[in-house]
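Since the structure comes first, as structure tokens, the remarks are kept for the end.
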Number of protein chains: 2
Amino acid sequence: MAYTYEYPRPSVTVDLAIFTIREGKLHVLLIRRGGQPFKGKWALPGGFVLEGEDLETAALRELQEETGVRDLYLEQLYTFGEPQRDPRGRVITVAYFALISSDRQELSAQTDAAGVEWHAMDALPPLAFDHEKILEYALDRLRNKLEYTTVGFQLLPKKFTLSELQGIYEAILGRGLDKRNFRRKIALLDILEETDEKKMEGVHRPARLYRFKARKFEKLKDKGILFPF
Amino acid sequence: MAYTYEYPRPSVTVDLAIFTIREGKLHVLLIRRGGQPFKGKWALPGGFVLEGEDLETAALRELQEETGVRDLYLEQLYTFGEPQRDPRGRVITVAYFALISSDRQELSAQTDAAGVEWHAMDALPPLAFDHEKILEYALDRLRNKLEYTTVGFQLLPKKFTLSELQGIYEAILGRGLDKRNFRRKIALLDILEETDEKKMEGVHRPARLYRFKARKFEKLKDKGILFPF
DNA sequence: CTGCTTTAGTGTCTATAATACACTATTTAG
DNA sequence: CTAAATAGTGTATTATAGACACTAAAGCAG
């Protein structure tokens, strides 16, 4: 049944650009390589697609192995297949990107022992393979998606303040946004609802906490559409 | 050097969704399969990625083999890798889409003997493999791209009338557009220039022919950006 | 308890872009 | 010269984006 072709059979991997926000800045998850090639260099988490395994399944499996996180916003990015991109031979990689909210990123800290670390996007070390190119592509896509989808919302805990939401947008876009215009557009989307709670933190007026309107949000999550800025 | 991994090595193919406009309607190029599986069914043109061959190079090569056309707008679409998508074994396919202008689509007629035919998108036969899914994805992307890029312009000969350009948009979007609004937006883009020529054809007022402003267009082609509708 | 600091929260005006909508102009065929 | 067919043109309305500044509420210091 399997493999009856007389054509080259490259290895196929998945690589993940996993983003989060820490301390107001966009970070990406990197792993320090333990073996050759590129030993000691940082790389995107990823690995080989297994026998009979779907590509997205492989990406989710790798994600869980590396970070312990399930059930994520995960999107196929691009497939990189230059013949020389891996010095060991022909390896084609399907890149995905994912977002982890600030309250779930703690889980991944458990695996930190294995050389897994969050790196600020504005202070990246040199990366293995063509992972710099992949990351550049991923950041492009992320910023783009931000403009017409709700991706940014993936990066927040269940309840959040509007300032926190704006902070996410500013961190990804790399520029400041006007508070009033931002709030007006969010309100227009009609996907948030107030809670009675307030975030009491620090020496200043407490901010109201919001959450998504569950029904609306679930529908939109599938379509991916919405959220212009 | 090559293939030192102990991991599954699927075959990797490229498949192409090649669109054109014929008689005012969106068409896609299909090939009738000569062998098993899906013998006699229609399929997207495509084929295996060769040893040491870049993915896009493979797509361009297949395109040329099937249609004789070079130098096309070609864009990676998505990679499909469900384990069971090919009954012969694990085959991962990287899908591309391309657009051929009405004056170049004639070239491809030369290979028609081999069961290569244009099919109207609104009257497709059943397709082999998961090619219906791939096509659906491609059409989605094409319509989307139309709204914020200049892709539509790829489907026209060097000189064309504004009505022809509008026809392209209507064929892809599947709905009519207002003539005055369409022309205003085109003018705003500032990427067309008038020629002195007119298209004398039929029993009616002749239309002025336009062409792209070469410099502007070359810049935009790379970026891919521009052209909201 | 007063006031200083810090972040939350709110509304208007202007500019730009999108849409709806109808008539005149030019050509050929008969 | 008239009929048929497509080319070509402008205005008014509505929706969206961006610029912009002050008041509100909490904690802490004195």
Side-chain angles (χ1 to χ4, degrees), chain A residues 21 23-24 143-144 146-150 152 156-157 159-171 173-211 225-229, chain B residues 21 23-24 102 143-144 146-150 152 156-157 159-171 173 175-211 225-229:
Chain A
I21 307 282
E23 294 146 19
R143 284 183 171 161
N144 229 292
L146 201 65
E147 292 184 2
Y148 64 97
T149 73
T150 52
L156 288 167
K159 295 172 184 175
F160 51 88
T161 71
L162 294 180
S163 292
E164 285 168 347
L165 182 59
Q166 183 173 346
I168 299 283
Y169 275 77
E170 291 176 337
L173 294 174
R175 62 190 167 90
L177 298 173
D178 181 89
K179 198 202 288 193
R180 284 168 291 187
N181 293 338
F182 182 85
R183 285 169 186 236
R184 173 151 34 94
K185 260 191 215 147
I186 296 289
L188 214 87
L189 291 178
D190 188 34
I191 53 174
L192 295 190
E193 58 188 10
E194 294 187 352
T195 70
D196 296 337
E197 299 165 71
K198 301 202 167 183
K199 186 155 195 169
M200 312 284 270
E201 193 175 73
V203 190
H204 53 79
R205 177 174 175 175
R208 181 177 294 279
L209 288 166
Y210 290 79
R211 64 165 163 253
I225 299 175
L226 202 60
F227 214 96
F229 261 87
Chain B
I21 306 283
E23 293 145 18
S102 53
R143 283 185 172 158
N144 229 292
L146 200 65
E147 291 181 4
Y148 64 97
T149 71
T150 52
L156 287 166
K159 294 173 184 174
F160 51 87
T161 71
L162 295 179
S163 293
E164 285 167 348
L165 181 60
Q166 184 173 344
I168 298 284
Y169 275 75
E170 290 177 337
L173 294 174
R175 62 186 168 93
L177 298 173
D178 181 89
K179 198 203 289 194
R180 283 167 292 188
N181 293 338
F182 182 85
R183 284 169 187 235
R184 174 149 32 93
K185 258 191 217 147
I186 297 289
L188 214 89
L189 291 178
D190 190 34
I191 53 174
L192 296 190
E193 58 190 6
E194 295 186 352
T195 69
D196 297 335
E197 298 164 72
K198 301 202 166 181
K199 186 155 192 169
M200 311 287 266
E201 193 176 74
V203 190
H204 53 80
R205 175 172 176 178
R208 181 177 295 279
L209 288 166
Y210 290 79
R211 64 165 164 254
I225 300 174
L226 202 60
F227 214 94
F229 261 87

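On a predicted model such as this, the values are computed, not experimentally measured, just so you know. Quick note: numbers below take in every heavy atom, side chains included, and nothing from hydrogens, waters or symmetry partners. Each chain gets a letter, A, B and so on, in the order the sequences are listed, and its residues count up from 1.
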Compute the bend angle of the helix from C:dC1-D:dG30 to C:dG30-D:dC1 from the end axes (five pairs per end), rounded to 10°.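 If I round to tens, the end axes sit 10° apart.
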
Using whole Å, what does the distance between atom [atom2] of nucleotide [N] and atom [atom1] of [X] come to?
{"X": "B:Leu177", "N": "C:dA20", "atom1": "CG", "atom2": "C1'", "value": "14 Å"}
{"X": "B:Leu192", "N": "D:dG8", "atom1": "CG", "atom2": "P", "value": "12 Å"}
{"X": "A:Phe182", "N": "D:dA17", "atom1": "CZ", "atom2": "P", "value": "13 Å"}
{"X": "B:Ile186", "N": "D:dA7", "atom1": "CD1", "atom2": "C1'", "value": "16 Å"}
{"X": "B:Lys185", "N": "C:dT19", "atom1": "NZ", "atom2": "C1'", "value": "9 Å"}
{"X": "A:Leu173", "N": "D:dG18", "atom1": "CG", "atom2": "P", "value": "11 Å"}

Taking side-chain contact (heavy atoms from CB on, under 4.5 Å) as the definition, give me every residue that meets it alongside [X], ordered by chain and number, with sequence neighbours left out.
{"X": "A:Lys199", "value": "A:Thr161, A:Glu164, A:Glu201, A:Leu209"}
{"X": "A:Gln166", "value": "A:Glu170, A:Leu177, A:Lys179, A:Phe182"}
{"X": "A:Asn144", "value": "A:Tyr148"}

Name all residues meeting the side-chain hydrogen bond (donor to acceptor under 3.5 Å, both in side chains) criterion together with B:Arg211; count only those two or more places apart in sequence or in a different chain, and write none if there are none.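 In terms of side-chain hydrogen bond (donor to acceptor under 3.5 Å, both in side chains), with neighbours along the sequence ignored, B:Arg211 is linked to B:Glu193.
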
So if I define the base as every atom that isn't primed, P, OP1 or OP2, how would nucleotides 5-13 of chain C read as a B/S/- string at a heavy-atom cutoff under 4.0 Å? BBBBBBBB-

Dump the intermediate steps for side-chain contact (heavy atoms from CB on, under 4.5 Å) on A:Thr195 and A:Tyr210, then the final yes or no. CA-CA 5 Å; A:Thr195 70; A:Tyr210 290 79; 5.8 Å; no

Enter the distance from [X]:[atom1] to [Y]:[atom2] here, rounded to the nearest 0.5 Å.
{"X": "A:Ile186", "Y": "A:Leu165", "atom1": "CD1", "atom2": "CG", "answer": "4.5 Å"}
{"X": "B:Glu194", "Y": "B:Arg208", "atom1": "CD", "atom2": "CZ", "answer": "4.0 Å"}
{"X": "B:Thr150", "Y": "B:Leu189", "atom1": "OG1", "atom2": "CG", "answer": "9.0 Å"}

